[in-house]
Amino acid sequence: MSRRQALASSLAMVAGAVLMPVAPAFAEAEPATAAAGIGAGALQTLTDPILAYTYQYPTVTSEGKPLNMIISRVPEKYSSAAPLTADARQRIVSEVFDFKNFVTASMTVGPASGVLKGRNPEEWKPREVALTVLVDRSTARTTAGQRVALNDVQESHLEVRSGLQYWVYEHVSQGSPTITSRTKESYRHALAVTTWRNGQDGSPYLYTLNLSCPEQLWPELEPLFKAAVAKFALLPTTRDYIPPDKDPWLFF
């Protein structure tokens, strides 16, 4: 091979290395297996190895109306995730959002707090878990400074899947007027599921998937939300796993 050919070959190899796409840290959303009564492709799956969880979110309503669900927050480690409140306990580690219909699927992680802190998770009651998570997400406070939840918990129950506890709860909250509902009294309806996993120090961290939509869309999205909640799961940890309490204030 001549010197010119050798140089050309070396440049081609360097260019190929620079242009080679880098695999994302999380698994790209892909069509989920159709659940009973749910059409194929109605749900998409997102899997994150950093905090070791997987969940689904709807791409259409039960009436066949398409949803333009966009990953608005790419899955990331707890330490660099956006906090929901000033104390930064509950943080949004991933989120998918339809900006036109205001449909949201958000994943939050945070340490057990309130009445759950210091107790065995086996003793946690469904409504206690629901209210604790919702209070931790809230910025509303009483005149005494105590934080309160502005969500009305409609129903809550415990499910045990593969030996793990999953608390499922339906809740309603008042929201701001949207394009689809310009009335002063606008409500959001949501279905959430919370489970837990120990941190490095052995204290439990809550993993919560919350799916919400404007009240008027609830009849069309309730069956898909229920199917998505049923598929939410913690995954076995791999070498990519980063415990939420590892350098919790290291934002990079």
Side-chain angles (χ1 to χ4, degrees), residues 21-35 38-85 90-110 133 137 151 171-173 175-182 186-194 207-235 240 242 251-252:
V22 178
F26 67 98
E28 295 284 358
E30 58 185 28
T33 303
I38 304 297
L43 295 170
Q44 296 277 326
T45 301
L46 189 148
T47 300
D48 174 39
I50 299 174
L51 286 166
Y53 62 81
T54 183
Y55 67 83
Q56 296 182 352
Y57 56 89
T59 57
V60 295
T61 70
S62 61
E63 300 296 323
K65 179 181 178 181
L67 299 174
N68 186 25
M69 300 294 283
I70 297 173
I71 298 178
S72 53
R73 294 184 186 274
V74 175
E76 58 185 323
K77 60 184 179 179
Y78 177 79
S79 65
S80 60
L84 282 164
T85 56
Q90 287 284 334
R91 303 186 190 182
I92 307 173
V93 295
S94 71
E95 186 174 62
V96 187
F97 189 63
D98 180 323
F99 290 89
K100 180 181 179 180
N101 296 292
F102 298 93
V103 178
T104 306
S106 63
M107 183 72 196
T108 59
V109 174
V133 171
R137 295 166 60 99
N151 305 67
H171 60 97
V172 176
S173 62
S176 302
T178 65
I179 295 175
T180 56
S181 176
R182 296 182 181 276
S186 174
Y187 291 89
R188 292 188 65 79
H189 211 136
L191 189 65
V193 55
T194 297
Y207 289 64
T208 300
L209 171 65
N210 190 74
L211 300 121
S212 68
C213 65
E215 180 65 49
Q216 62 269 26
L217 279 178
W218 176 254
E220 296 182 44
L221 285 171
E222 181 184 9
L224 290 126
F225 282 3
K226 286 183 175 180
V229 160
K231 292 294 185 181
F232 169 62
L234 294 185
L235 301 174
D240 295 320
I242 301 177
F251 292 99
F252 53 85

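The figures that follow rest on heavy atoms only: side chains count, while hydrogens, waters and symmetry mates do not. None of the values given here were measured: they were computed from a predicted structure.
Across all their heavy atoms, Leu51 and Ile242 have their closest contact at CD2-O, 3.4 Å. A pairwise comparison of heavy atoms in Phe99 and Ser72 identifies CZ-CB, 4.4 Å as the closest pair. Residues Leu224 and Leu43 come closest through the heavy atom pair O-CD2, 3.9 Å. Between Pro58 and Leu67, the shortest heavy-atom contact is O-CD1, 3.9 Å. Ser62 and Pro219 get closest at one heavy-atom pair: OG-O, 4.0 Å. The two atoms that bring Ala105 and Leu211 nearest to each other are CB-CD2, 3.8 Å, heavy atoms only.
Not a single donor-acceptor pair under 3.5 Å links the side chain of Asn68 to the backbone N or O of Asp98. In terms of modelled atom types and a separation under 3.5 Å, the side chain of Thr59 and the main chain of Gln44 share no donor-acceptor contact.
A heavy-atom distance below 4.5 Å is not found between the side chains of Val93 and Asp48. With contacts defined as side-chain heavy-atom distances shorter than 4.5 Å, the pair Lys65/Asn101 qualifies. In this structure the side chain of Phe225 reaches within 4.5 angstrom of the side chain of Val103, judged on heavy atoms.
Atoms CZ and OG1, from Arg91 and Thr108 in turn, are 12.0 Å apart once rounded to the nearest 0.5 Å. Rounded to the nearest 0.5 Å, atoms CZ (Arg188) and CD (Gln216) are 9.5 Å apart. Interatomic distance, Gln56 CD to Thr47 OG1, rounded to the nearest 0.5 Å: 9.0 Å.
In this structure, Glu76 has no salt bridge (Lys or Arg N to Asp or Glu O under 4.0 Å) partners at least two apart in sequence or on a different chain. Residues forming a side chain to side chain contact (heavy atoms under 4.5 Å, CB included) with Ala190 (at least two apart in sequence, or on another chain): His171, Asn210, Ser212. For the side chain to side chain donor-acceptor pair (under 3.5 Å) test, no residue two or more places apart in sequence or in another chain qualifies with Thr104. Glu95 is linked by a salt bridge (Lys or Arg N to Asp or Glu O under 4.0 Å) to Arg73, counting only residues two or more places apart in sequence or in another chain. By the side chain to side chain donor-acceptor pair (under 3.5 Å) test, Tyr55 is found to be paired with Ser94, residues two or more places apart in sequence or in another chain being considered. Every residue two or more places apart in sequence or in another chain that forms a side chain to side chain donor-acceptor pair (under 3.5 Å) with Thr61 is listed here: Glu220.
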*Assess whether side-chain contact (heavy atoms from CB on, under 4.5 Å) is satisfied between Phe97 and Phe102, documenting all intermediate values.*
CA-CA 7 Å; Phe97 189 63; Phe102 298 93; 4.0 Å; yes
